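Order of listing sets the numbers, starting from 1, for every ligand and every atom in it. Quantities reported herein were computed from a predicted structural model and do not represent experimental measurements.
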Amino acid sequence: MFEDTTQKMLKFIEESPSCYHVVENLRKELKANKFTELQEREVWKLKRGEKYFVTRNGSSIISFKIPKAEFSGFYLIASHSDSPSFKIKENAEITEGNAYVKLNVEKYGGMLMAPWFDRPLSVAGRVMVKQKDGTIAMKLVNVNRDLLMMPSLAIHMNRDANNGYSYNAQTDMLPVLGDAAAKGQLAKIIAKAAGVREKEILGSDLFLYNRDRASVWGAFGEYISSARLDDLECCFGSFSGFLPAENETYVILHCVFDNEEVGSGTKQGAASTFLKDTLERINDGLGRSRQEYHTALAQSFMISADNAHAVHPNHADKADPVNRPQMNKGIVIKYNANQKYTTDAVSEAAFRSICDDAKVPYQMFTNRSDIAGGSTLGNISNTQVAVNTVDIGLAQLAMHSPYETAGSRDPQYLAQCAEAFYHANIRLSGV
Ligand code: ZN
């Protein structure tokens, strides 16, 4: 059972080399499941008992199901579509001597840099093209072959390579496209992959991605390694629970936001109005009042789902002395006194109650008190739409490497947990 979910997830990740592909693949799946696509620029005519989705920027997506009868609130799970990578700059080709053409790239997000070396890489993202009728349209790009490499400098030429070498993004991390004859080829390769003519391209958002195939490994096949497990593991796991779920009292929503890796502060990020606008339009589109909107928010609940750190096999001292998540031990609930994670006693209790009822295992994560740790979607989203929120994730190693490791059983746990949450009726008293 869990193997099936894991294999489907790894396929989804492989077919989603950029945030735009994540959204397009979810879109296809939603269409196949008879969801109606809404456009933000049009008036929404919503019906009770129907299911819909809306995208923003082609890189964030919110899908939802409206109950047949009057609803009490919103149940949401949010994850993110982006992963740390290198973005290709404008006029990217640089000729090195008369020997190589390499690409000028810059960092997107806070990645581990060393694992990007000596792997087959390629390019994915989107281009904007001017069509014959004058409209400017988005085309996805995936150069679906091994195209680029960032070769390490040999140990003989850098004797400090194993002594904590610090990588410079402008000088160390430029991938090679080909020999000198490759000059001018990038635009041609991109145009071909997009199915357009080179001169039709007016703009682009193109990122590098790791071409290494996903792997299931370990003595019992207990681990998986793949690119972009953070956060496509949570995106896929929550979506698997969302598709079959029904709730007669709550609007249930599946949200995937772009730009979490760069702080979420974009028009389509978790700090944007995208979620707020969508919830308001659901409320207004069903002829409900402002009062009813606010009573709905007061009864809503959000799960912010973003991967968590498993205790490291060679650096166990980096974990909290007590709360030490392990892969394949279920959902990780994240806590932080300074509210980088939103979990508090209220949301913890509601979430644990759901997991207990669904018999899904869970465990706790806190940073060591002397390590700052990261942040995620929940608290940022709460500045726009304030609802009870719990921060969770699945345990993984090597977060922000282009090849991360997680537990092969955990995607199924998240799918089960998500479905149970979407079916739930959380009743809080006195808060
Ligand atoms: Zn993440």
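Just one residue in the list I354, V360, V390, D410 forms a side-chain contact (heavy atoms from CB on, under 4.5 Å) with I331, and that residue is V360. Just one of S79, S240, S81 meets the side-chain contact (heavy atoms from CB on, under 4.5 Å) condition when paired with C235; it is S79.
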Problem set entry | side chain to side chain contact (heavy atoms under 4.5 Å, CB included) between F274 and S381, worked out | CA-CA 10 Å; F274 186 32; S381 178; over 6 Å; no

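The side chain to side chain donor-acceptor pair (under 3.5 Å) analysis of residues 330-340, with sequence neighbours excluded, yields the pairs Y335-E348.
Tally of protein N, O or S atoms closer to the Zn ion (ligand 1) than 2.8 Å: 4.
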Please report, to 0.1 Å, the donor-acceptor pairs under 3.5 Å made by any side chain of residues 423-431, with sequence neighbours excluded.
| unit_1 | atom_1 | unit_2 | atom_2 | d |
| --- | --- | --- | --- | --- |
| H423 | ND1 | E419 | O | 3.1 |
| H423 | NE2 | E246 | N | 3.4 |

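Residues forming a salt bridge (Lys or Arg N to Asp or Glu O under 4.0 Å) with E29 (at least two apart in sequence, or on another chain): none.
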